[in-house]
2 protein chains.
Amino acid sequence: MSPRSTRRASLQLARFVPFRLNRLAVAVSQHLSAIYRGRFQLDIPEWRVMATVGQDPRCTAQHIAASTRMHKTRVSRAIAHLLKRGLIERVSRAADRREMQLRLSSSGRRMYAQLVPLALLRERALLACMSARELRGFITGLARLEGFLGVAGPAAARASASHAESLP
Amino acid sequence: MSPRSTRRASLQLARFVPFRLNRLAVAVSQHLSAIYRGRFQLDIPEWRVMATVGQDPRCTAQHIAASTRMHKTRVSRAIAHLLKRGLIERVSRAADRREMQLRLSSSGRRMYAQLVPLALLRERALLACMSARELRGFITGLARLEGFLGVAGPAAARASASHAESLP
DNA sequence: CACAAACGGTTGCGCACGCAACTGTCTGGA
DNA sequence: TCCAGACAGTTGCGTGCGCAACCGTTTGTG
């Protein structure tokens, strides 16, 4: 064993990246979910469904589960809530009657139109604690880890790089 | 409204940093908790308690809750499990009988000694998907966000900068 | 054509979580 | 001195979650 590897044989949780990542994600979630819950009575799964359906108008539960990496039961329950509130609508496809096509209702579209600018504003406010250069570095690392763990499709990986350019 | 701000008035969840952070944290947690659960039958709160008690031998539940930012009931239940399994011990302090001082038992120390190298190994394996330069950038951004959201004490902030140097 | 396997989506169940309320202990000011 | 409030830690309760099992539909293979 080299002196170098023994030097850091101890563990400090405050420096342990997986822990820090989890703690940070919880804090960011809480920071944002104040909007969803307080103003629109959406929890996080519901917000994700709204966001996904809003950007893809011929969306299925399956597709939402895959792109958000939420468990399909979580998606199913979020959809059930949104249906009950009349924020989304569902039609079964003639081609395959197992699938249900989802889209925003008119009231859902109204909420979506209010929700999206607020969410983007919060994201910008959050990331404004970094310089543009730091942000690029951070996003790059994020994308590397996503790629390593296989949590983002190739489309998302391509998108993420260009995204940094349009942020402060 | 400027053309620039209207250009990105739409939201793509796959590019939305808070969502990506959460998704990544979940993936990293699952990646790591395979060790804790499979090999040592620890869940994440229990692992965090072990890690905290192991690095600070005169630790209280209160201190664990503050430094990990876990809810005190979560900490309390994790401690109860570890006590039942004989991995930690507890003595009430004469100075203040509300507080209970925690420390690893001998079997807890044995587990800790096996656990820490594995955890550090996994961290290194995870972060090896980045170059040293990318890693520094990523850790810097992490620290900025932690500072902005107030999730890390000043000690942790100081530590995090120097940490990057000792990683690949 | 038939039937088994795969698939989209839902549901029953057990479990961990956070909130609020609680117990027991300490502290500070009237 | 006393008592109201703060604090460490625990517990009852409602809720959301993931797993596994399930239903109805489609697909593929003999």
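First the proteins, then the strands, lettered A, B, ... as listed; each starts at 1. Keep in mind the model is a prediction, meaning the values are calculated, not measured.
Hydrophobic cluster membership differs between A:V26 and B:L142, with clusters built from Ile, Leu, Val, Met, Phe, Trp and Tyr side chains linked at under 4.5 angstrom. B:V91 and B:L102 fall into different hydrophobic clusters, where Ile, Leu, Val, Met, Phe, Trp and Tyr side chains are chained together by heavy-atom contacts under 4.5 Å. Cluster annotation: B:L145 and A:L121 are assigned to distinct hydrophobic clusters (Ile/Leu/Val/Met/Phe/Trp/Tyr, side-chain heavy-atom contacts under 4.5 Å, transitive).
Looking only at side-chain heavy atoms (C-beta outward), B:R23 and A:R48 stay at 4.5 Å or farther from each other. Residues B:S33 and B:D43 fail the side-chain proximity criterion, which asks for heavy atoms closer than 4.5 Å.
Within 6.0 Å of the CZ atom in B:R103, the count of heavy atoms belonging to other residues, nucleotides or ligands does not exceed 12. By the 6.0 Å contact criterion, CZ on A:R85 is enclosed, its count of non-hydrogen atoms from other residues, nucleotides or ligands being greater than 12.
In this structure, B:Q30 places its CD atom 10 Å from C1' of D:dG18, rounding to the nearest Å.
Between A:S92 and A:M100, the shortest heavy-atom distance links the atoms CB-SD, 3.5 Å. Taking both residues in full, the closest heavy atoms of A:A51 and B:L11 are given as CB-CD2, 3.7 Å, listed atom of the first, atom of the second, then distance.
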Inset, instruction - Summarise protein proximity over nucleotides 3-10 of chain D in one line of letters, 5' to 3': B for base, S for sugar-phosphate only, - for none, counting protein heavy atoms closer than 4.0 Å. - result: ---BBSBB

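From the 5' end on, the contacts that DNA chain C makes with chain A at under 4.0 Å to a non-hydrogen atom open and close at C:dA6 to C:dC13.
Contacts between residues 32-52 of chain A and DNA chain D, counted as heavy-atom distances below 4.0 Å, involve A:P45.
Applying the side-chain hydrogen bond (donor to acceptor under 3.5 Å, both in side chains) test between A:E46 and each of A:R37, A:H81, A:Q41 identifies A:H81 as the sole match.
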